[in-house]
Amino acid sequence: LVIANARENRQESEFESTLTAVWNTSAATQTAVADLTGSALSGPFALPFALAPGSLMLGAGGECASQTVSGQVLDQEGQPLPGLSLMIWGSALPPAVVETAGADAEQPGAWTFTLDGAISRHVWVQLVDGDEPLSPPVAIVFAENDCERNSAALIWRQTGPIEPRG
């Protein structure tokens, strides 16, 4: 419990350097809280992945009764990068780990996470290696019963080397 609370506190403090997609019933608004075209941190704290410029896509998902977050992870050359993990957490959503598709999959490096219900909620997505972040978190806000904007897709792009875990 103490570790989970510490992790939540760290993730919430990192929220200030995220890209937020805000959906409300009147219009979809994308607000950049920070420029995530490169790593949000520099120097010894640089993260090796960032949201690819213009990659956040908002739209109607397959079912109105659920919300979907999906995407793909690419290396520095723009090629799919399989075998990584994403942490997804948020309001009315306990932390979950999603693995990217393997090299033999139809879409290597791709991932999809479906949330039951069409409720108002905040969802954060972050590439991780165990408990270490590999990217800044991206925050998405879903509005209740918004069938036109119940699906978000994004692409993570490698911006630097992945340091081995110590």
Side-chain angles (χ1 to χ4, degrees), residues 10-24 27-42 45-64 66-91 93 95-115 118 120-129 132-143 146-163:
R10 186 181 82 213
Q11 290 167 338
E12 287 177 14
S13 69
E14 291 170 350
F15 176 74
E16 293 300 318
S17 65
T18 65
L19 179 72
T20 304
V22 178
W23 294 319
N24 61 38
T29 305
Q30 294 182 39
T31 304
V33 177
D35 178 10
L36 295 181
T37 58
S39 180
L41 301 173
S42 61
F45 302 107
L47 298 172
F49 289 88
L51 191 64
S55 75
L56 183 60
M57 305 295 240
L58 314 171
E63 291 186 31
C64 190
S66 63
Q67 297 157 336
T68 304
V69 182
S70 63
Q72 190 171 31
V73 180
L74 305 176
D75 66 15
Q76 290 174 311
E77 288 76 41
Q79 297 301 309
L81 190 57
L84 294 176
S85 300
L86 294 104
M87 176 68 70
I88 300 175
W89 72 98
S91 52
L93 177 66
V97 175
V98 177
E99 304 296 326
T100 61
D104 58 346
E106 186 175 321
Q107 288 190 307
W111 56 276
T112 299
F113 189 79
T114 301
L115 302 102
S120 294
R121 69 173 116 211
H122 289 74
V123 177
W124 286 269
V125 182
Q126 183 174 35
L127 275 171
V128 295
D129 181 11
E132 295 297 319
L134 294 178
S135 72
V138 171
I140 302 164
V141 179
F142 287 108
D146 187 349
C147 300
E148 296 302 313
R149 291 173 291 276
N150 66 339
S151 180
L154 52 98
I155 298 173
W156 295 108
R157 180 91 184 240
Q158 188 174 2
T159 57
I162 301 173
E163 298 296 326

[X] [atom1] to [Y] [atom2] distance, which is reported to the nearest 0.5 Å:
| X | Y | atom1 | atom2 | result |
| --- | --- | --- | --- | --- |
| Glu132 | Ser85 | CD | OG | 13.0 Å |
| Gln72 | Trp111 | CD | CH2 | 11.0 Å |
| Ile140 | Leu56 | CD1 | CG | 6.0 Å |
| Ser66 | Asn150 | OG | CG | 6.5 Å |
| Ser151 | Leu115 | OG | CG | 10.5 Å |

Min side-chain heavy-atom separation [X]-[Y] under 4.5 Å:
| X | Y | answer |
| --- | --- | --- |
| Trp156 | Val138 | yes |
| Phe49 | Leu84 | yes |
| Leu51 | Ser135 | no |
| Gln158 | Glu77 | no |
| Val123 | Phe142 | yes |
| Val97 | Leu86 | no |
| Val69 | Trp124 | no |
| Leu134 | Leu47 | no |

Restricting to non-hydrogen atoms, name the atom on [X] and the atom on [Y] that form the minimum distance, rounded to 0.1 Å.
| X | Y | result |
| --- | --- | --- |
| Pro82 | Ala103 | CB-N, 3.5 Å |
| Met87 | Pro95 | SD-CB, 3.7 Å |
| Ala118 | Cys64 | CB-O, 3.2 Å |
| Ala50 | Pro136 | CA-CD, 4.5 Å |

### Query
Side chain of Ser55, backbone of Ile155: donor and acceptor closer than 3.5 Å?
yes
### Message
Does atom CD (Glu63) have a neighbourhood of more than 12 heavy atoms from anything else shown, all under 6.0 Å?
### Response
no
### Message
Please determine whether the number of non-hydrogen atoms from other residues, nucleotides or ligands lying under 6.0 Å from atom CD of Gln107 exceeds 12.
### Response
no
#### Entry: Listed partners of Arg157 passing side chain to side chain donor-acceptor pair (under 3.5 Å), at least two apart
none
### Query
Would Leu81 and Leu74 count as a side chain to side chain contact (heavy atoms under 4.5 Å, CB included) if you check the C-alpha gap in whole Å, the side-chain angles of each, and the deciding distance to 0.1 Å?
CA-CA 5 Å; Leu81 190 57; Leu74 305 176; 5.9 Å; no
